[in-house]
Amino acid sequence: MTQEPLLRMEHIGKEYFGNRVLADVNLTLQRGEILGLVGENGAGKTTLMKILFGMPVIKETGGYEGKMYLDGKEVNFDSPFDALDGGIGMVHQEFSLIPGFSTTENIMLNREFTCYSPLVELFGERLQTLNRPAMRQRAAKAIDTLGVRVDPDMLIQEMPVGHRQFTEIAREIDRESTKLLVLDEPTAVLTESEAAILVKALRKLADSGIAIIFISHRLQEILDLCDKILVLRDGMVIKEAPTKGTEIRQIASWMVGRTVEDKKQDDAVRVCLEPILRVDHLWVDMPGETVRDVSFDVCRGEIFGIGGLAGQGKLGIANGIMGLFAAGGAVTWKGKALKLNDPHGALEAGMAFVSEDRRGVGLLLDEPIDWNIAFTAMQVQGRCLKSLLGGLIQWRDDVAMASLAQEYIDALGIKCVSSRQRAVELSGGNQQKVCLAKAFAVGPELLFVAEPTRGIDVGAKKLVLDTIRETNRHKGTTVVMISSELEELRSICDRIAIVDEGRLAGMLSATASVEDFGLLMLGAGKGPEVAAGVR
Amino acid sequence: MKNKSFKDILISNAVPIIFLVLSAAAIPLSGFTTSYLIQEMVTRMGRNCFLVLSLLIPIAAGMGLNFGMVLGAMGGQIAIILVTDWNIVGMQGLLLAAMISTPISLALGWLTGEILNRAKGREMVTSFMLGFFMNGVYQFIVLYGFGMVIPVENHAMLLSRGFGIRNAINLQGVRQVLDKFLMVDIGPIHVPMAAFIVIALFCLFILWFNRTKLGQDMRAVGQDMAVAKSAGIAVDRTRIIAIIISTVLAGYGQIIFLQNIGTMNTYNAHEQAGIFAIASLLIGGATVSRATITNVFVGVMLFHLMFVVSPMAGKTLMGQAQLGEYFRVFVSYGIIALALVLHALRRRMDKERERQSLRGGDAPAPANGH
Amino acid sequence: MKRGIVFLALIALVTFFAGGALADAPFHIGIMTGTLSQSEDDLRGAEKLIEMYGDVANGGMIKHVTYPDNFSSEMETVIAQLVGLADDPLMKAIVSVQGVPGTTEAYRKIRERRPDIILLIGMSQEDPNLTTQAADVVTDPDNVARGYLIVKAAQKLGAKTFVHISFPRHMSIELLSRRRAIMEEACKDLGMTYAFETAPDPTSDVGIPGAQQFILEKFPAWLDKYGKETAFFCTNDAQTEPLLKRVAEMGGFFIESDLPSPLLGYPGALGVDLSSVQGDWPAILKRVEDAVVAKGAAGRMGTWAFSFAYTTGVAMGEMGKKLVEEGKTPEDFKNGNIDIKKEVLEAYGKFSPGAEWNASFYTDASTGVTMKNYPLLYQDTYIFGKGYMKMTDEVVPDKYFTVTGQ
Amino acid sequence: MKARRLVVRAAALFLFVALGVFLFVNGKGHDILLDNKTVTMGDQTYEAFASALISLDGKKAVEIQRRERLPEMLVGKNHVIRVEVMNRGGKVIQTREEKFSLGLDRTWLISLPMLISGDARWIQVFKTGEN
């Protein structure tokens, strides 16, 4: 009798609204085996884990293709609770811990030991009192299994991040039935020494027979910890290989590995004239995009790219400088200090921002196109306004607005019925163009563009990118472009900075090799190859 | 971790300290004798603490300061009207009123819980508006229901038109039965021991409740609803239970309050219950998200001390009786606003402190602050 | 917990700073009124008393406190204010010029601690069955007799229709709803048409301005509907002012308001400046009269020459002082050693020269019991441009005293 | 397990209601009117007596004179009344003790002459408006 693997996933596929995110993924996992799951953002790792964990979102969007077997039995979990019962534990990227509870209380959350109380007969099970000594003992045991030192009575809010991570893992392995543990980027928030302890603890767990799926961007950890790795790209398995004998550089190229066609560059080398924007030790408190300590210069007339994986802070930089989220540090604009946390000031200083949040921040969805395009120009520069009594009374100049809008509709080729059409009725690509037009209408000296091609089709992508390049070349607008798509950045930017964990991991010329970028993004590329410009 | 600086202690107790200082200044001005003040405080503690304590459980469950208790107070009042009408007197009357108020408050609490579950994060204002709405329903029941649908035997309680309860009811039958049940005289001070025993039992209940699974679930829900939900705790149900417990207890609290007062202002008595209880709690140093039994006692004491002395102190200060009254209103309600502002301020300071960790090591001090 | 104990200790410490006040007067009289914004007249009554007998703070006799503006929801404060008065060992009599809810309970508490204090209530807002048990004397305007007399006066002046304006909250107050029924009955007996009009409650969401606006806008329609020979009566003070304004301008009759006083509504409605004659009632009456006559409303609008609230405030204080000086105690009330009707009429008459008063004891409609410490009073109606109506000489038929609210 | 819980809960509910009923009956306050007037019931006339001492439930006795009606308050259902009839000299000439229980009505009239004479109709519900 051959040994049946603990987990077998066969021909897993998934579509979201006609958009294929997973296709024909096969995966097997033995008891005590550790699998490293790697891939870029959007490669399908998270979706795969959602399917495994029975997240309701999968079912709500039409289920998945393929079959899953756990211990040889076919399973199809309806909810995460079913998955938990089935023996799958999951440690999420965000902590799911109660901050005011102690380690013990969190590990035992909703699985507390209780003592009988007669009131139970009247008011139900929940009136049992907690058996704290037993809970504490059990929690201590779970922590012990990990082989780490965490005080069972310490409150979560008072403990270092690493200990929170351990608490969370301890909670998952404390379930008696847990056979498989999924860890989604558990080391992202840890210091190196903490990460090392975690890796050791996981090894210990695996030796006790628990299988682990480990998702991380830190490739070195993957190599240190895992028995084998599975590389996903664009929803497909690119490579499944034992870790032994695999190198970081190889993994990186598997992950990023599209062959990049050579883009024609108009000017081979563009010289940095003078820094127009200096950023010193910027921090931004933007939820999910925290910027911790970033310093860089942007030259006049260049297209400066900021790349990096999602959630690492690249979006926070633009949002922080533009005053949309609380920020600190020093930003010098044309030699003068820029006041932070003041969106109006940033706009007045001659900057504009095309937000990644098109439907939220970028557009007034229920208003017509001309309103949208003229809005910022009207608010900040007083354009398209007629004034009376020396500016005491002002009202909209609809004619001027319409002509301004028409100018950009023609220039950017916005497909619409008229300039009076409501923004909500446009397609994603055309909405993006309206956003750009709105920014252009201000005539900015510096334009921040965040994720300009997200969610629009290939044809529109090209148009949008071309428009940005045009503006840069012909109007001399300095552009800072932020994108998750490295390829896109490389096709248009002069220099590209990569942000990792809220800090600048490095800065490269757009002509640098894909692998170098990949390494920077994965936090592995610390070394001398970092280009000049990072301070 | 425990070494809080003196300044921190000062800031986190700013509200009670300000109140204490104001009272300290106002007491000599008021000219009241010590024994009178102590007697007043003892009476008021016995009268109000139960009501205020009923607020603690929903706060633990993260539902904020809750005006849902006003509904419980209405339940208690309807029970007291019925008991007075039936002429059930003495301790029996009081117990029966508590029993009758239980199912009424239970139903009202469930309703409140259901509504607040649809307004997560805005519980305070929603329950405030709900209180207004239910006030209308209550008035309808009492003004039209009694005598029309609910038979009323005691015609002295009815308006002479034959239905509707008069606007003040004499609670002669249950007046101060709890207070007088075990009145202990300490020097010149009468201490309603039975009321304090009931309050002590309530405190023990809260302490015990915190140790139950349900109490644990409530605290979890209160701190992070999403996490509690992902751990399999029935969040909505737990919140409803928290409100129901609070509402039922507020009903009892109102009965205790009314038996001490001795007359019931049929159409307004519950209105002050909510706002005064919440004010007391805030003045005791509680916040929207955290309140302890100590907060309750300190708050009730300080709030009512201010209430008693400020009109006379204001009169002495300004030489006119009515200015004393305005002084009291200004001080009492001003401090509630202050408590809420300080709470918001403190939250912002905490947030600011968290951000400090984001800053780079040698970052220049931000000259532009905010 | 430790922090709590420290707080309690501090509070205890602080309370010991409290000291008694030095006093020169042989005894003290406490009086509670509303604030200026709530009820000006009784406040003026208290000020008159202070003017005559001095403030306790300056060694005088009168100790004046006020009840909160939203007294109905702050009953605890009402009680605390009154009981606080009894904290003074020299206190011998306490007057609540308005018996707002809570007064009864406060009096019960005072009785328990200080059985020697004479307790008086003017204008009781609580159930008479309660107030008469707790206080020694309770007075009120005689709304039962007035229910008949107002209609009778309207008839005398030539009105054919009587319109009663009110709203449900007021109609839930026993005496108001009973008076309404009496007015309806009186109309029937005197051959007049009775009508009820509903106006918005000023304590509801529309507020006082909304309720006043309603009267201003609605009045022409009412006048159209009922004709010019219509007398209007309204139970709410705030709504009286716009009503007076419209009656003066457009016609109709206004006999007297719910709580009649030349100050109620008239100054605002007719734009009379009274700042130079504050507290001088004959002068006030003269000025208002001039304004009414100037508007061409002589013989159509009336009031009581002396505000009931003002007279009550000062008269009850005076009566308390007189009884205490005579050595009377609450025991004397219980034993029937005091002719309450005589004392009350004497005190009221002292401060309203020229105006006649009448008093009778209250009889509970449902039990038929007469309350011997609850005199109801009314003053002769004064019609501007015409003089006193001699309503105190009218005999109110007995049947009206048994009419109930339904 | 489930069944036991159901039984316990049903029992608790029953106890709750039972306690309510008990409190209702046991705490009900009754106004008792003690009446010493001559009454005629059909062809039978019961003469009022000069004075009597009346004690309810063993409490301190009150004295009642001819043609008087005194209000008293009783709480609960079962009570004892003790009547000591006195002659003009103040000497007790007749004593009678009766047990009685009150229904849920609020006001009761006790006719003392009927009680002394042993007429079973000595206690009756009093309706307002009667005399």
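All chains are named by letter (A, B, ...) in the order of the sequence lines, taking the proteins before the strands, and each is independently numbered beginning at 1.
With a 4.5 Å cut-off on non-hydrogen atoms, C:Asp55 touches chain B through its side chain but not through its backbone. No part of B:Leu29 comes within reach of chain C, as not one of its non-hydrogen atoms sits under 4.5 angstrom from that chain. Contact of C:Ile50 with chain B is not made at all, since no heavy-atom distance falls under 4.5 Å. Heavy-atom distances place the side chain of B:Gln176, and not its backbone, under 4.5 Å from chain C. Contact annotation for B:His270: neither backbone nor side-chain heavy atoms come within less than 4.5 Å of a heavy atom of chain C. Residue B:Ile261 touches chain C through both its backbone and its side chain, counting heavy-atom pairs closer than 4.5 Å.
The structure places CG of B:Leu37 at 7.5 Å from CG of C:Asp87, a figure rounded to the nearest 0.5 Å.
When the shell of 6.0 Å around CZ of C:Phe196 is examined, it contains more than 12 heavy atoms from other residues, nucleotides or ligands.
Residues B:Val308 and C:Gln81 fail the side-chain proximity criterion, which asks for heavy atoms closer than 4.5 Å. Counting heavy atoms from C-beta on, the side chains of B:Met264 and C:Glu105 never come closer than 4.5 Å.
A pairwise comparison of heavy atoms in B:Tyr36 and C:Ala80 identifies OH-O, 3.3 Å as the closest pair.
When each of C:Glu47, C:Met171, C:Gln133, C:Lys63 is scored by its heavy-atom pairs under 4.5 Å with chain B, the top score falls to C:Lys63. Here C:Val83 is the residue among C:Val83, C:Ile79, C:Asn58 with the most heavy-atom pairs under 4.5 Å with chain B. The candidate with the highest count of non-hydrogen atom pairs below 4.5 Å against chain C, out of B:Arg44, B:Arg175, B:Gln139, is B:Arg175. The most heavy-atom pairs under 4.5 Å with chain B, out of C:Pro68, C:Ala86, C:Ala46, C:Pro168, come from C:Pro68.
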| query | Would C:Thr66 and B:Lys315 satisfy side chain to side chain contact (heavy atoms under 4.5 Å, CB included), going step by step from the backbone distance to the final call? | reply | CA-CA 10 Å; C:Thr66 52; B:Lys315 187 190 168 191; over 6 Å; no
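Side-chain atoms of B:Asn265 never come within 3.5 Å of backbone atoms of C:Gly102 as a donor-acceptor pair (strictly under, hydrogens ignored).
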